[in-house]
Amino acid sequence: MLRIISTPRSERFSLRTERKYMSIPTFEEIIEPNDQTEARAEHLNKLRELIGNAYPNKFVRSKLTGADDTISGLLKHSAVAEIGDEMAEVRAGLKEGERPPAEVKDAINAKLKALGNVRIAGRLTTPPRGNFVHLTDGIGKLQIYCKKGQFALIKNDGKDTLDEGNAWTAWQMIDHGDFVGVDGYLFVTNTGEVSVHVEKLQFLAKAMLPMPDKMHGIEDPEIKQRQRYVDLIGSSLQVKAEPPALAGGTNAAGKVSGDDESVSISTSLPPADAGGSALTTREVFERRAKIISSMRRFLEDHGYVEVETPMLTPKATGAAAKPFETHHNALDIKLYARIAPELYLKRLVVGGFEKVYELNRNFRNEGISYKHNPEFTMLEFYCAYMDVNGMMDFCEELLRQSVEKATGGSVVNYERNKIDFAHVRRLSMKQAVFETRFTRYGPYGGHLEGILQGNNIISSQDSSWIEDAGTVGSLVKMMEWWKQDGAPLYVRLKADHNFALDLVTRDLEVEVLQKWEEFEGDSIGREYGSEIAMLFEELVEHTIMQPTFIIDFPKVISPLSKASPENPQIAERFELFINGMEVANGFSELNDPKEQYERFVDQMSERERGDEEAMVLDEDYIRALSYGMPPAAGIGIGIDRLVMLLTNKHSIRDVILFPHMRPETKLSAEKD
RNA sequence: GGUCCGAUAGCUCAGUCGGUAGAGCAAAUGGCUUUUAACCAUUGGGUCCCAGGUUCGAGUCCUGGUCGGAUCACCA
């Protein structure tokens, strides 16, 4: 693949490679010059005259905290935080605008100075006008104080030569967003903020481009997602409208959850769950990391072993989805990006891994929406000798503990709801359908009305629907079920003649119940299973707000799960729904190789009939099962969606650092 | 793919009825220097997404397009 520039604007370099021309953009095309970049370039040149190398290779930080001192680490460091608290107490006793008594401040400053000099580094969060400026490590902010004539410049000559005469000149060549390292002692200002009195200043790196707006950060969703680095910079520079408590303030600022890994890292940022205030981008991804690491720890504490199975697979199976295709040149074979690790993990159960997990990416070549990204992270794990009920218990505990570790409690605010992860309700699909769908014009009447207006709706009064519907035999059957004298019936047409029903009708409970029983009594079970699941999806799924395990799935749509011992049409399978989204899917794993073979064959015939997402037969998996797999239960948990719920984000793109987007046509486009 | 909405300074946005292109932040210059979104003064900065049309005159109205967002469809 070559990068081809689509918008030639000035002279370019051209390279000829493999019969193709590659046009390379100039630096100025990538970083378009304007008054701001030119000012920064000018400053950079002047700095080079003063310090030599403008991009030194390292800055050695102090180790007051035990490791290299980061800004947020230093603020959290007990000695510093205690003094901050002490100062906050003193200030609490003062009147508005009154300054703390000099002797109190001097005593505190003496203690801070006794800690010794600190050497810290970070990015300037504001333009360096005046003596005070904050540095950030991306999470916290620490103020530094550079007083003319009181600090020296460290030259980047490899010998750390000090230059006192040019320090102030150099300071004025430093811009908003540049990186500097400072060496100095800690003190508190009159306003009570712990700061570094700089004695030595070293320039570390230039920001050639201007920083995002300090009040708003980056708001254009395209830049936020495409240039996440700018979004993250913006979130670390951003000044929150409600000023946070002062450094080292009360527990309101440094929420304590009992372990050092609490998400609240910086006293300059509000606590993660503060009164519904939105998390910064950085905090979202800190929390994401937190959730993932707590899940890993929980699993490992319970004896699970982490494995990595192929991402490039000769068969795309283990789930119902369209795969990405690629080609391996040396082997000259087609490969698919995996849609699920499921069958590989169960091979490992066959091989003797009784508890095994994989936490990694899956790829599905499907639409992009607020809850779908082409690649997404799934935690999948299997436990030998466990059935679906044991798995639900375990999953419930895993969620409860991970959510608590990541957020400090079991209840999270999501939109206008509170979601409680302390308990997960269990409800059969049948109950779910009966409990929610016959509220005709109830809470979801409006939703249905919207669908009716917004789509191609054909009512039963319109005879033309019959022809359209005729292409799917099962629909005709369904129409017969639902048909009832005088009951209006609406059919929503979907693409490729895949149908779902939206029913806005009356007195159907009895009939649905009958049909359900018919389904359950049907020895083949193939006729209605998928339609019932579709009913559930269309009518119930979006109504489930609190964590709920929907259990008792039709077997026909569950080709890898064991049937229930009580009812051969029902699979021992569950899905976890929260806020209308499927978050997890688990079941008792089918381990009878012959039955698994037959289920695959059924799937293949569905495929023949045009269902592109029906599962593909995996011969080697049948062979693996034939060596014997213990009874086992497994589950896949959609990490991105869970993170959405725990960070109050309404789009999966907000919890993925670099979500997929169209290529940036302004810069370059892919061409073969 | 359908529908709706949007695109104006580096960032966040305003721009009335069609009549010389605006603010805050950021930048430059000077002042101030224990500030808390620092402040004061001055200055520079625009392909108003692109193309076409209507008009004496278009950021504004019309048509087409590009890009983005929301929503619906798709995603068992």
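Every chain is numbered from 1, with letters handed out A, B, ... down the list of sequences. The figures here come from the full heavy-atom set of this structure, side chains too, leaving out hydrogens, waters and symmetry mates.
Distance check on atom C1': B/C25 versus B/G45 gives 14 Å, rounded to whole Å. Here, B/A51 and B/U66 have their C1' atoms 10 Å apart, quoted to the whole Å. Across B/C61 and B/U16, the matching C1' atoms stand 15 Å from one another, rounded to whole Å. Across the C1' atoms, B/A14 and B/U54 are found 27 Å apart, a figure rounded to whole Å. The gap from the C1' atom of B/C4 to that of B/G10 amounts to 31 Å, rounded to the nearest Å. B/C32 and B/A70: their C1' atoms are spaced 49 Å apart (whole Å). A gap of 10 Å separates the C1' atoms of B/G19 and B/A58, to the nearest Å. Remark: the separation of the P atoms in B/G44 and B/G59 is 22 Å, to the nearest Å.
The side-chain heavy atoms of A/F132 and A/T126, taken from C-beta on, include no pair separated by under 4.5 Å.
Among residues two or more places apart in sequence or in another chain, the ring-ring contact (aromatic ring centres under 6.0 Å, His included) test is passed with A/F587 by none. For A/Y336, the ring-ring contact (aromatic ring centres under 6.0 Å, His included) test picks out no residue, with sequence neighbours left out. For A/D654, the side chain to side chain contact (heavy atoms under 4.5 Å, CB included) partners at least two apart in sequence or on another chain are A/Q225, A/K649, A/S651. Listed by chain and residue number, A/Y145, A/Y185, A/F187 satisfy the ring-ring contact (aromatic ring centres under 6.0 Å, His included) test with A/H197 (two or more places apart in sequence, or in another chain).
Using modelled atom types, one finds no donor on one side chain facing an acceptor on the other under 3.5 Å when comparing A/E38 with A/H43. Residues A/D137 and A/S72 bring a donor and an acceptor atom of their side chains to less than 3.5 Å of each other.
Counting atom types as modelled, A/E193 pairs no side-chain N or O with a base atom of B/U35 as donor and acceptor under 3.5 Å.
More than 12 heavy atoms of other residues, nucleotides or ligands sit less than 6.0 Å from atom CZ of A/R228.
Contact annotation: A/R40 side-chain N/O to B/A26 OP1/OP2 distance is not under 4.0 Å.
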Go through A/N362 and A/R338 one step at a time and tell me if the side chain to side chain donor-acceptor pair (under 3.5 Å) criterion holds. CA-CA 6 Å; A/N362 293 313; A/R338 73 169 177 201; 3.1 Å; yes

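Comparing A/N190 and A/M615 along RNA chain B, the residue whose closest nucleotide (by nearest heavy atom) sits nearer the 5' end is A/N190. A residue-by-residue look at A/A39 and A/K147 shows that A/A39 has its nearest nucleotide of RNA chain B further toward the 5' end.
The heavy-atom pair separating A/C146 from A/W168 by the smallest distance is O-CZ3, 3.7 Å.
Which of B/A76, B/G69, B/U33 sits closest to the side chain of A/N131 comes down to B/U33. The side chain of A/Q225 lies closest to B/G69, out of B/A76, B/U35, B/G69.
In this structure, the CZ atom of A/F132 is 13 Å from the P atom of B/U33, given to the nearest Å.
Helical stems involving RNA chain B, defined as 3 or more consecutive Watson-Crick or G-U pairs under 3.5 Å, span B:1-7 with B:66-72, B:10-13 with B:22-25, B:27-31 with B:39-43, B:49-53 with B:61-65.
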Would you mind building the protein contact string for nucleotides 7-12 of chain B? One character per nucleotide, 5' to 3', B for base within reach (heavy atoms under 4.0 Å), S for sugar-phosphate only, - for untouched. ---BBS

